[in-house]
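Quick caveat, the model's predicted, so the values are computed rather than measured.
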Amino acid sequence: MGPFTQIAKDISRSFSPELPKELGDLDAHLSFIIPKVVQYGEDLREEKFWLSKRWKEVRDEDGFHEAILHIFNPGGEYLLSLDGNLISGKWRQLGSYNSLIIEINGRSELFDLRFLNQDFMVLTKHGDQARKGMRRFFFVVHESASRAGGRELDWRNLMEKMFNAWRENSVSVVGWLFFVLVIFAIIYLSLT
């Protein structure tokens with residue numbers, strides 16, 4: 001990333017709102033963030049964004065400390081790593097829909113894509129999971145994006161990182177216009 005790109009991101013962030021702190025749990029954060037970032041996402045046809053990558057599962061549960069990785073390989077191979085122990089299964093896309101069928105241990109589940117970019121994948125299991133007392137969203141992060149400064153990021157920091165996809169894109173034009181106006185004002189004032 002070049003210095004001008006970083007300046008643009010900094011300007012965009014300075015003009016965009018903060019992520020509300022009172023949202024509560026992971027599902028509430030994702031419900032707030034997804035409508036804002038979905039236009040900056042990809043779909044399952046863009047396989048380079050999600051195939052052959054190590055996707056780390058993220059939950060907001062206090063006792064959740066397992067290292068769970070989901071790996072979708074070409075040809076429909078699905079690997080689930082639970083603290084390094086592998087279970088294999090299959091995945092397939094449901095027609096032209098942005099939906100995945102994941103089969104593991106004789107059980108098949110249908111997931112709909114809600115958001116995908118190079119760092120995040122958010123799925124929802126089809127049906128009303130809240131009615132059953134289940135989590136609404138299935139949230140995974142590319143393993144390399146789950147760390148910063150040599151430490152693992154918690155789910156709240158990952159929400160901030162995902163929210164940045166909106167912050168850095170939504171106000172960039174306004175930010176640049178403001179930046180240019182400020183530069184012109186400085187030049188004008190220095191000449192007078």
Side-chain angles (χ1 to χ4, degrees), residues 1-2 4-6 8-13 16-17 19 23 26-60 68-81 89-104 108-127 129 135-148 152-176:
M1 175 173 20
F4 294 111
T5 306
Q6 186 59 46
K9 287 181 179 185
D10 292 342
I11 291 170
S12 296
R13 283 188 190 146
S16 58
L19 184 61
L23 287 173
L26 180 67
D27 279 355
H29 276 77
L30 289 170
S31 294
F32 178 81
I33 294 170
I34 288 173
K36 294 176 178 1
V37 298
V38 72
Q39 64 187 339
Y40 306 111
E42 308 299 333
D43 61 35
L44 293 175
R45 290 180 305 217
E46 301 291 329
E47 293 180 344
K48 68 180 181 184
F49 286 96
W50 62 283
L51 284 184
S52 301
K53 292 175 86 172
R54 294 162 55 128
W55 292 101
K56 182 178 180 186
E57 187 170 333
V58 177
R59 297 185 195 169
D60 59 354
I68 301 176
L69 294 177
H70 302 268
I71 303 163
F72 303 90
N73 285 322
E77 179 188 39
Y78 170 71
L79 298 172
L80 175 65
S81 171
K90 298 178 184 175
W91 69 267
R92 68 178 190 269
Q93 190 173 350
L94 181 62
S96 61
Y97 295 100
N98 260 336
S99 299
L100 286 176
I101 298 171
I102 299 175
E103 300 172 9
I104 196 161
S108 297
E109 295 179 298
L110 176 62
F111 293 92
D112 297 316
L113 181 68
R114 294 296 174 231
F115 180 73
L116 171 66
N117 71 3
Q118 70 276 3
D119 294 330
F120 302 103
M121 181 189 292
V122 182
L123 303 166
T124 53
K125 189 171 177 183
H126 192 74
Q129 300 306 311
R135 291 180 297 133
R136 180 171 175 214
F137 294 102
F138 178 67
F139 178 60
V140 291
V141 60
H142 186 250
E143 191 176 32
S144 66
S146 70
R147 292 185 288 277
E152 288 291 320
L153 296 174
D154 67 2
W155 70 269
R156 291 180 198 279
N157 288 320
L158 290 169
M159 291 296 97
E160 281 288 339
K161 195 171 185 177
M162 187 174 172
F163 192 57
N164 285 341
W166 174 73
R167 271 194 277 224
E168 292 167 0
N169 288 296
S170 67
V171 235
S172 60
V173 172
V174 174
W176 274 110

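R45 has a carboxylate O that lies under 4.0 Å from a charged side-chain N of D43, or vice versa, which qualifies the two as a salt bridge.
Summarising the geometry of L44 relative to S99, their closest heavy-atom pair is CD1-N, 3.6 Å, with the distance given to 0.1 Å. Counting all heavy atoms, side chain and backbone alike, L113 lies closest to E42 at CD2-O, 3.8 Å. Among all heavy-atom pairs drawn from L26 and M159, the shortest one is CD1-CE, 3.6 Å. Here the closest non-hydrogen pair linking I101 and S108 is CG2-CB, 4.3 Å. Among all heavy-atom pairs drawn from W50 and M121, the shortest one is CB-CE, 3.3 Å. Of all non-hydrogen atoms in F163 and K36, the two that sit nearest each other are CE1-CD, 3.8 Å.
Without hydrogens or angle criteria, Q93 side chain to Y97 main chain gives a donor-acceptor distance under 3.5 Å. Of the possible donor and acceptor atoms, one in the side chain of K161 sits under 3.5 Å from a partner among the backbone N and O of A145. The backbone N or O of H142 lies less than 3.5 Å from no partner atom in the side chain of D119, so there is not a single donor-acceptor pair. In terms of modelled atom types and a separation under 3.5 Å, the side chain of D27 and the main chain of F137 share a donor-acceptor contact. Remark: the backbone N or O of Q118 is paired with a side-chain donor or acceptor of K53 at under 3.5 angstrom.
Counting heavy atoms from C-beta outward, L116 and E46 have side chains that stay 4.5 Å or more apart. Annotation: side chain of Y40 is not in contact with side chain of N117 (no heavy-atom distance under 4.5 Å). The closest side-chain heavy-atom distance from K56 to E152 is below 4.5 Å. In this structure, R114 and D112 have side chains that are in contact, with non-hydrogen atoms separated by less than 4.5 Å. A 4.5 Å side-chain heavy-atom check between F120 and I34 finds every atom pair outside the cut-off.
Checking each of T124, L158, D60 against F139 for a side-chain contact (heavy atoms from CB on, under 4.5 Å) leaves exactly one that passes, namely L158.
A parallel orientation is assigned to the rings of F72 and H70, their planes being inclined by less than 30° (bins at 30° and 60°).
Interatomic distance, CG of L110 versus CG of L94, reported as 6.0 Å (0.5 Å rounding). Taking CG of L79 as the reference point, atom OG of S52 lies at 10.0 Å (rounded to 0.5 Å). Rounded to the nearest 0.5 Å, atoms OH (Y78) and CG (N73) are 11.5 Å apart.
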**OP:** Starting from the C-alpha separation in whole Å, work towards a yes-or-no answer on side-chain contact (heavy atoms from CB on, under 4.5 Å) for E160 and L153.
**Re:** CA-CA 10 Å; E160 281 288 339; L153 296 174; over 6 Å; no
Original post:
Can F111 and I102 be said to form a side-chain contact (heavy atoms from CB on, under 4.5 Å), step by step?
Top reply: CA-CA 8 Å; F111 293 92; I102 299 175; 3.8 Å; yes
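A 6.0 Å sphere centred on CZ of R92 holds no more than 12 heavy atoms belonging to other residues, nucleotides or ligands. The environment of CZ in R59 is crowded: more than 12 heavy-atom neighbours from other residues, nucleotides or ligands sit within 6.0 Å.
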